[in-house]
Amino acid sequence: MSSTDSGFPRRTLLAGGLSAAGAWWLGSGCRRTPSITGSFAGPDMSRGHQLLDGAPPTAGPERDVPVAILGGGIAGLSAAWRLARAGFHDFELHELESRIGGTSVSGSNAISAYPWGAHYLPVPVREQRAVCELLEELGLLQGFDARGRALIPETALVRAPQSRLFYMGSWSEGLYCIDGASREDLVQWERFEQRMREFAERRDEQGRPWFALPLARCSPDARALELDRISFAQWLAGEGFDSPRLLWMAEYACRDDYGCSHRETSAWAGIFYFASREASSGASDSEFLTWPEGNAFLAEALARHAQGRIRTGALIRRIEPRDGIVRVESSAGALRCEQAICALPRFVLQRVLDGLEAERGRFRYSPWVTANLSLSGTPASRGASLAWDNVLHESESLGYVVATHQSDRTDPRSVWTWYRPLVQSDVAATRQALLRSRWEDWRDEVMRDLSRAHPDLDRHVQQIDVWRWAHAMVRPEPGFRTDPVRQVAAQPRGRLYFAHTDLSGLSLFEEAQWQGVRAAESVLSARGIPFESWSGI
Amino acid sequence: MRLGLVYLTVIIIAACGLGYELVAGALSSYLLGDSVTQFSLTIGLYLFAMGIGAWLSRYVQRNLVSRFVDIELAVALAGGTSAMVLHLAHGRGIWFRPVLYGEIVLIGTLVGLEIPLLMRILKDELDFRELVAQVLSLDYVGALVVSLSFPLLFVPNLGVVKSAIAFGLVNAAVGLWSTWIFAQRLGAVGWLRAKSLAVIGVLAACLWGADAFTGRLEGLMYGDEVVLAKSTPYQRIVVTSNERGFQLYLNGALQFASADEYRYHEALVHPAFVARPQARRVLVLGGGDGLAVREILKHPQVERVTLVDIDPEMTRLAREYEPLVTLNARALHDPRVELVHEDALGWLATRRGLHDIAIVDFPDPSHYAIGKLYTAAFYQRLTENLAPDGVMAIQSTSPLFARRAFWCIVRTVESAQLTALPYHVFLPSFGEWGFVLAARQQLSVPKAANGELISGLRYLDGPTLSALFHLGPDMQPVPVEPNRLDEQRLVRYYEEDWRELD
């Protein structure tokens with residue numbers, strides 16, 4: 001193995017070995033031997049890799065399908081939802097995996113449903129029309145208060161305590177640890193929060209915000225775009241921020257939303273994490289909607305509008321926009337379409353659509369690992385009590401989210417979802433190492449990571465299932481937002497329309513949904529179907 | 001003599017020496033509060049005592065090595081048992097401070113003897129310049145090692161009691177191995193080794209019994225004799241007994257004292273019945289002790305009582321534990337009573353039929369798991385299970401000691417589109433205590449028909465009932481926000497109110 005892939009898990013396993021030895025030495029010596037079951041869950045890698053191997057040609061005659069939607073992630077599902085909500089149902093959605101949802105998929109066991117990827121939605125603002133429409137449809141939006149904030153039923157919001165941080169041997173509430181912070185730390189934190197509030201309120205001459213979701217609402221002001229040229233780390237340094245606690249927070253934020261280090265995230269995206277939330281909630285504490293199964297709840301709600309029109313296990317082999325139609329070769333049949341919405345990630349699209357040579361290597365993706373731990377009871381912890389989001393300070397993981405947090409039941413069992421972005425710069429080598437890794441490596445890594453905060457964890461963990469995301473999300477590295485290639489990629493090709501968060505660099509539900517709605521509304525316009533725009537086009 | 005081993009010895013004894021100081025500091029600030037004062041006093045006294053030890057070392061003239069071993073063993077015993085002794089003393093109340101400072105001086109003095117003696121033992125091996133540099137620098141290394149590992153490794157993994165014993169075992173081991181390291185400086189070593197092994201044996205026994213000991217501490221913590229203690233998946237139930245009767249604690253918080261609980265339960269239950277005299281279907285949430293049910297069953301028209309308490313162990317005690325069965329007058333054996341063991345918020349999510357009265361008797365909102373039972377969402381769900389003219393009575397902590405928490409509950413009830421009528425009662429064992437009556441309609445202060453309540457009450461009568469609804473100036477409203485599931489302000493109000501009181 002080359003030195004590049006030593007970033008994980010070998011180095012961490014070595015450190016883990018030392019701390020585990022220390023824990024054993026201090027422990028009573030009567031720990032049970034771990035008998036944890038589990039396996040790799042996750043996408044069927046062989047399916048996608050058929051594209052690389054040159055799969056056999058599509059069988060069967062060509063069918064006429066007025067509109068095809070390619071890709072069943074949030075963007076594709078939202079496109080289907082938008083078409084159906086406008087009364088148009090003559091479409092077919094093709095998805096490679098056996099289930100829809102993209103990175104918003106879930107699993108379930110005897111204890112609870114749990115997410116494998118995206119797992120929450122911030123409370124929307126009125127301008128996020130499509131999100132509001134969806135929540136209203138689900139009975140989760142009851143209007144807006146006098147200050148324009150969405151009224152969400154109390155039971156749908158993340159319950160208190162929302163988050164806690166493990167630092168210096170104990171848990172404290174919230175993500176910024178105030179205990180033990182120096183005066184300088186607190187002064188910088190306050191100044192940082194002030195800067196973020198300023199960015200959140202920043203508007204250009206036309207009143208467009210600098211930071212908002214979807215990206216299309218954001219101002220193209222040159223001064224805002226300046227922030228895309230440097231990394232978040234460079235911006236922080238330039239502003240004189242050097243408090244270790246603050247830098248940790250910045251790094252955590254970038255790993256959390258983008259899967260990359262704040263040294264490789266653009267300053268625009270780094271600030272976006274803080275400033276867009278500030279703006280959307282309008283309050284100091286952000287509020288989120290969540291479900292045991294995570295955003296699979298939303299994916300399934302969208303998919304209900306496409307019932308009977310979804311083909312799963314369908315590998316798209318070729319897309320040809322020509323002669324006023326779009327031809328699609330799918331393993332579920334060859335299609336002749338009047339319009340098609342392509343909601344595939346770019347790394348797949350580059351293999352099935354001609355003319356994308358220029359964008360090779362311009363879309364870089366972070367691999368992630370997600371693990372779901374089935375627990376027979378609640379492990380002990382020192383300090384603040386179990387929250388929804390539980391973050392460890394000195395850790396390469398993002399900690400874990402509790403799938404049963406919103407439930408009212410007496411069952412002490414639970415499922416914890418552990419998230420670990422692989423932030424190494426060399427994404428290709430990291431991805432290769434990820435594909436070679438064994439389940440046991442990740443079982444040990446999860447246990448090592450969480451046992452520091454929960455010494456008796458091994459007494460409660462029964463099962464650990466692991467999902468490897470080779471391309472979890474696109475990286476908004478410096479220059480990405482202003483890259484002309486990205487702007488060209490979003491332009492329709494004839495009657496082929498594109499929708500994907502890859503086109504914005506923000507792998508977030510609101511963005512994905514907007515991308516799908518915008519593409520669907522382009523199709524509705526082209527077909528002369530009347531509709532009220534939810535995407536602002 | 002192998003100098004390497006001697007240096008290791010220096011590091012270890014330095015580490016243990018500081019370890020005991022940290023144990024004393026941690027326990028005194030934990031048990032007495034005011035950590036700045038306690039740590040400051042502990043450090044100062046301990047260092048001063050080490051000075052005494054250093055000075056006393058001049059009186060040790062012969063048999064330096066065997067005296068050194070003796071001191072190691074004495075440190076091991078005194079230091080190793082220090083946390084247990086301090087816990088015991090704390091249970092006895094008034095003796096705690098003398099014992100604490102006595103322990104600190106004793107251990108400090110013994111530890112102060114160690115390094116001077118060791119330096120004198122080594123003075124023939126090294127020249128003075130080298131000796132001082134080596135021993136003192138390693139002394140400080142040991143201090144660093146333990147000051148880092150004590151909070152990060154020892155306390156999280158072993159707890160303070162076992163950490164102290166572990167330090168003691170290490171000191172005793174140093175005593176034992178010194179009989180090998182310095183063998184040529186000693187005569188007969190048999191006796192020294194036997195003593196070392198005996199000390200190790202004693203401390204090992206302490207380690208073995210440490211968990212049982214920690215359990216026994218509880219009795220001392222409560223001040224009265226613990227007659228029953230049970231850990232359930234939801235809480236720790238403890239019953240204590242004294243000459244005035246018995247008391248029930250959940251997670252260390254007093255729930256009732258048999259001597260005056262009648263005041264509390266009469267005030268909790270009967271005002272709602274005065275407001276709705278025809279109530280036949282009654283819901284009790286929490287209150288697994290059966291005492292509220294006892295009061296409810298005094299109303300002959302009641303046809304059905306549904307008691308929802310998360311903890312089956314609590315209702316089992318209420319049905320089987322003799323003193324409690326007597327106190328609740330076998331209420332939970334009454335055929336009209338149905339028991340449900342579920343989380344109340346989850347149980348209410350499904351409509352369970354309409355009730356005329358709901359008695360809400362949860363422990364105080366001291367943490368989120370209970371705070372959620374005081375949210376607008378909770379009262380909304382409860383309202384859906386209440387008849388249109390139904391009334392609820394809610395235990396609402398103290399309007400005097402936790403004034404913001406009390407008014408937060410009132411505001412939360414109001415935010416759930418209910419009218420709230422706060423009232424209070426005085427209990428000798430709790431002080432001023434508060435409740436809230438709530439209903440969909442406007443509520444007026446309940447007035448007993450003909451000025452009389454049902455018979456068989458010890459505290460309430462017509463005039464007393466009216467007086468409950470008058471809150472004096474020191475219990476008047478304060479500005480607070482309601483409690484919601486997503487932002488449990490009540491838990492914070494409650495915590496801050498009680499902290500300010502301390």
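Every heavy atom of this structure was used, including side-chain atoms; hydrogens, water molecules and symmetry mates were not. Quick note on labels: first sequence line is chain A, next is B, and so on, each numbered from 1. Since the structure is predicted, the reported quantities are computational estimates derived from the model, not experimental observations.
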Atom CD of B:Glu338 with >12 non-hydrogen neighbours under 6.0 angstrom: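 Enclosed.
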Minimum heavy-atom distance B:Arg381-A:Thr155, with the two atoms named: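 Distance-wise, the nearest heavy atoms are NH2-CG2, 3.4 Å.
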Closest approach of B:Arg484 to A:Glu154 (non-hydrogen atoms, all atoms of both residues):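 Closest heavy-atom pair between B:Arg484 and A:Glu154: CA-OE2, 3.2 Å.
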Apply side-chain contact (heavy atoms from CB on, under 4.5 Å) to B:Gln488 and A:Gln162, showing your working. CA-CA 10 Å; B:Gln488 289 198 22; A:Gln162 201 178 82; over 6 Å; no
Residues of residues 361-370 of chain B contacting chain A, heavy-atom criterion under 4.5 Å, by residue number: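 The list, in residue order, reads B:Tyr368.
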For B:Leu152, is it the side chain, the backbone, both or neither that has a heavy atom under 4.5 Å from a heavy atom of chain A?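 For B:Leu152, the contact with chain A is made by the side chain alone.
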Going by side chain to side chain contact (heavy atoms under 4.5 Å, CB included), name the residues that satisfy it together with A:Ser407, two or more places apart in sequence or in a different chain.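 Result, side chain to side chain contact (heavy atoms under 4.5 Å, CB included) vs A:Ser407: A:Thr404, A:Arg409.
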List the residues meeting side chain to side chain contact (heavy atoms under 4.5 Å, CB included) with A:Ile152, not counting sequence neighbours, and say none if there are none.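 With neighbours one apart ignored, the set is A:Val123, A:Leu135, A:Leu141, A:Ala150, A:Ala156, A:Leu157, A:Leu289.
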Tell me, please, which residues at least two apart from B:Asn251 pass side chain to side chain donor-acceptor pair (under 3.5 Å).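 Applying side chain to side chain donor-acceptor pair (under 3.5 Å) to B:Asn251 gives none.
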Please round to the nearest 0.5 Å and tell me the distance separating atom NZ of B:Lys372 and atom CD of A:Gln406.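 B:Lys372 atom NZ to A:Gln406 atom CD measures 10.5 Å (nearest 0.5 Å).
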Pairwise distance CG(A:Asp408) to CD(B:Glu342) - rounded to 0.5 angstrom: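 It comes to 10.5 Å.
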Which answer fits A:Pro412, side chain, backbone, both or neither, if we ask what part of it has an atom under 4.5 Å from a heavy atom of chain B?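 No part of A:Pro412 comes within 4.5 Å of chain B.
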Chi angles and distances behind the side-chain contact (heavy atoms from CB on, under 4.5 Å) call for B:Asp486, A:Arg159: CA-CA 4 Å; B:Asp486 56 306; A:Arg159 294 184 178 185; 5.9 Å; no
